[in-house]
Every structure is written in C-alpha cells, then in structure tokens.
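Everything below concerns the one structure shown next.
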There are 2 protein chains.
Amino acid sequence: MATPGSASWHAMLDSAQLILRDEGYGALTSRRVAECINVKQRLVYYYFKTMDDLIVETFRRLSLRELERLRHALASKAPLRHIWDVCIHTSDSRMISEFMALANRNDRLRKEVVRFIEESRAIQVKALRAALEGKSSVSRIAPAGLAIMATSLALSIMREKALGVNTGHRDVLAAINDFIAAAEPAKRART
Amino acid sequence: MATPGSASWHAMLDSAQLILRDEGYGALTSRRVAECINVKQRLVYYYFKTMDDLIVETFRRLSLRELERLRHALASKAPLRHIWDVCIHTSDSRMISEFMALANRNDRLRKEVVRFIEESRAIQVKALRAALEGKSSVSRIAPAGLAIMATSLALSIMREKALGVNTGHRDVLAAINDFIAAAEPAKRART
DNA sequence: GTCTATACACCGATAGAC
DNA sequence: GTCTATCGGTGTATAGAC
C-alpha cells in the first residue's frame, strides 16, 4: 500500500501491541486500532491491506527490536548476565501469549515466530559456548539445551508472576544466578 | 442452568476443546459449538448461561482429568518417570496457548488456572522430594524449582515442536532423562 | 492522507412454542 | 430438552469524495 515507517504506521503498530496485551487478539480490530489513535477505521486499511498484515507487521517490528537488544547484550562485558536480563525483562508475557496463540493458526505469523526463535537461540548459544569454553565442570548440558532452558524458564516465570503464582520461583532464580556466576565470574549482580 | 454431566453437556465441552485447539478462542462461539454436535445455537444457552461459563467449565473438566493422571503417576512405582510422561504428553500445546491467553483477561478462568498450577506443582514436589531424599548429589536445586523447570520445559518443547523448531530439544531431553535415571534408578525407558 | 458511507456476515443473548 | 425467530451490536473490507 504505502508509507511503512511513517508516524501513523508506527502509531497503529503501537496501538496493536497495547490492545493485544490488555484486551487480547479478539479485541484487535481495525475499529479499535483507529479509535486508539483518533482516526477513522478506513485509514487502517490504507496502511495495511488486511488485519492479518497488521498483526504480522506488529510482531515483526517487535521481534527485530528484541533481537537488537540480544545482540547488544552479546557484545557486552558480561553476555550471559545481560542476555538473561533481556529474557526476563522482555515484552509483557500476556502479549507473548497472544502472539503464540495467533501463530498456531496464522502461517505467515508462524514463520516470523520461528525465525525469531531460531535467531535469538543462536545468539544465546553463541554466548553460552564462549562462556563455557574450557569449563566442563559448570554444566554437562550442551549450549543449545541451556538456551532453551533459559528462554523457557524466563517465560514461565513471567507468566506465572502475572497470574499470581510464585511457588518455586525463588529456587529457580537462585539456580540461574549460581549458573551465571560460575560460568561468567566477572562481577556480582542481583536477579 | 441444568444437567451438568449429561451427554449433551459433555459433547459441548468436547466441541469447545476441539474448536479452541484447531481454530482458537476467536472461533469459540455458541453457533460453532452447536454446529459441531448438530443442534441449534439456542441449546448451548440452555446448558451454559453465558459463553464465559462454557469456557471456564471446559478448562475445569480438562484440569481435573489432568490432575487425576498426575495423582495416578505419583502413586506408581516410578513416579518421576511417569509424571514426566504425563507432562510431556499433556493436552495439545495449541489449546493450552488459548487457555493461557484467555486466562489473562478472564478472572474466573484465571482462578481455575492458578488452582491447577498450584495443585499439579504440589504433586510434582511431593514426588521429587521423595525421590531425592538422601541423594544430595543429584541436584542442588530445591524440589519446587525442579518442578517449575519440568513443566516449563515440557510446555516449551511441545510448543516449539508444533511450530517446527527443534534446536536444543535433544540436549534438554537427554538431560532430563539423565536426571530421572539418577534420581530414580529403577528401570530404563525411552523419552 | 484522511474522510463518509455502506455491503454483508456473524456474534451473544433472549422470547416463547412444542 | 430442543426448536424457530429475532434483537442490537460489531466485525472485515471496499467504493469513492476531498
């Protein structure tokens, strides 16, 4: 259509994110997006051919920003610590749940999600491989296994926190902290 | 309203599950449910006062069945192995994604989900505590931490498998197998 | 780039007959 | 217990003026 990257374009994606987070994908409609930025519904279809396009583009912009944060953390002095910080402070868990649900039935979105998972995991594996080189005593699990454990736990902890469950969180966070301290003994920090 | 537990009642919950799994909560409508079991839309409102009630009841029935499986596994000869089997072969990950998304904005469902998480975790902790008694060398992580790791990983692996991602799965499954073998050295099995 | 107006489908929920 | 019929509301998407 026209003008990806313009002010209205970004405003629509911003609204889409907020609606997804606060009201769920069932509420992500062209009318609702338009209402959020005080324009008429018709304009949404000027920027996005279908609502499907809007959803895919919303995830795409979000995932590119997230990968940027991960690459920045990878290049830092304490990659493991900073990558974990990015994972545990990533986008709202409710919004992630919505994208997951959508990805199961939207093939274009699914491909974007798969791309994101694979790229982010590659960054994590790179950091873990470098940190664990010559330290076989820290973990017998391969870097790829540790990476999936990290993302999986970060997501579960965020989600349960949002639901109001806390059982076992302290234990897991302590274990992760110990692991990072052993693999990357540079400075001390709080989780 | 009337007759919870009757044939039509169960048929409606069965349909609701299938629709959630295959089409998402956006498609879970009274008309769609009625269509699936060849009755008219009006009948759904005879069994469930609102669509909200139908959703909550669908999760409730499912979670009670799941807890029953977990309790059965706990009472078996190899509790850790069997509980893990239940976790990794639980309800379809797409359906779980839908319930998660719904629970973030439906307070009655949220309470049911919290109850399920806490009860299932208690069962897992019980099994882990018993298995690890006097075996401090197997893991330094407390049982509650190990429980959240297990559920978290089972869900992530199922979800990624459904999406078509495999990176690191083999490593994680091997690690879990090793852990169970060390904590519960009874018989050998495949994961 | 932003608007008015509209076609057409589907939603939740209810009234009331049999 | 199951049906027909219907209300008011909201959804995607498009035509076309300014």
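All of these numbers come straight from a predicted model, not from anything done at the bench. Here is how names work: the chains are called A, B, and so on, in the same order as the sequence lines, proteins then strands, and each is numbered from 1.
- With sequence neighbours excluded, no residue forms a side chain to side chain donor-acceptor pair (under 3.5 Å) with B:D22.
- Atom pair B:E35:CD and C:dG12:C1' shows a separation of 17 Å (rounding to whole Å applied).
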Please list every donor-acceptor pair under 3.5 Å in which a side-chain atom of residues 133-149 of chain A meets a protein atom from a residue at least two apart or in another chain.
from: A:K135; atom 1: NZ; to: A:A183; atom 2: O; distance (Å): 2.7
from: A:S139; atom 1: OG; to: A:I141; atom 2: N; distance (Å): 3.0

Could I get a table of every N or O pair under 3.5 Å where one atom is in the protein and the other is in nucleotides 13-18 of chain D?
from: D:dA13; atom 1: OP2; to: A:Y45; atom 2: OH; distance (Å): 3.4
from: D:dA13; atom 1: OP2; to: A:M51; atom 2: N; distance (Å): 3.1
from: D:dA13; atom 1: N7; to: A:Q41; atom 2: NE2; distance (Å): 3.2
from: D:dA13; atom 1: N6; to: A:Q41; atom 2: OE1; distance (Å): 3.0
from: D:dA15; atom 1: N6; to: A:R42; atom 2: NE; distance (Å): 2.8
from: D:dG16; atom 1: O6; to: A:R42; atom 2: NE; distance (Å): 3.4
from: D:dG16; atom 1: O6; to: A:R42; atom 2: NH2; distance (Å): 3.4

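- When the C1' atom of D:dT12 is taken as reference, atom CD1 of A:I55 falls 12 Å away, rounded to whole Å.
- At least one donor-acceptor pair under 3.5 Å links the side chain of B:E184 to the backbone N or O of B:R81.
- The side chain to side chain donor-acceptor pair (under 3.5 Å) contacts involving residues 12-21 of chain B comprise B:D14-B:R61, B:Q17-B:R61, where partners must be two or more places apart or lie in separate chains.
- B:E118 meets the side chain to side chain donor-acceptor pair (under 3.5 Å) test with no other residue; sequence neighbours excluded.
- For residues 30-42 of chain A, the salt bridge (Lys or Arg N to Asp or Glu O under 4.0 Å) pairs, not counting sequence neighbours, are A:E23-A:R32, A:R32-A:E35.
- With rounding to whole Å, A:L43 atom CG is found 9 Å from C:dG1 atom P.
- A side chain to side chain donor-acceptor pair (under 3.5 Å) check over residues 164-175 of chain A, counting only residues at least two apart or in different chains, returns the pairs A:E160-A:H169.
- Rounded to whole Å, atom P of C:dA13 lies 12 Å from atom CG of B:L28.
- A stem is defined here as three or more consecutive Watson-Crick or G-U pairs, each with both distances under 3.5 Å; for DNA chain C these stems are C:1-18 with D:1-18.
- Applying the ring-ring contact (aromatic ring centres under 6.0 Å, His included) rule to pairs touching residues 104-133 of chain A yields nothing, sequence neighbours excluded.
- In this structure, the nucleotide among D:dT4, D:dT2, C:dC3 sitting nearest to the side chain of B:S8 is D:dT2.
- For the OP1/OP2 pair of C:dT2 and a distance below 4.0 Å, the side-chain nitrogens and oxygens of A:Y46 include no atom meeting the criterion.
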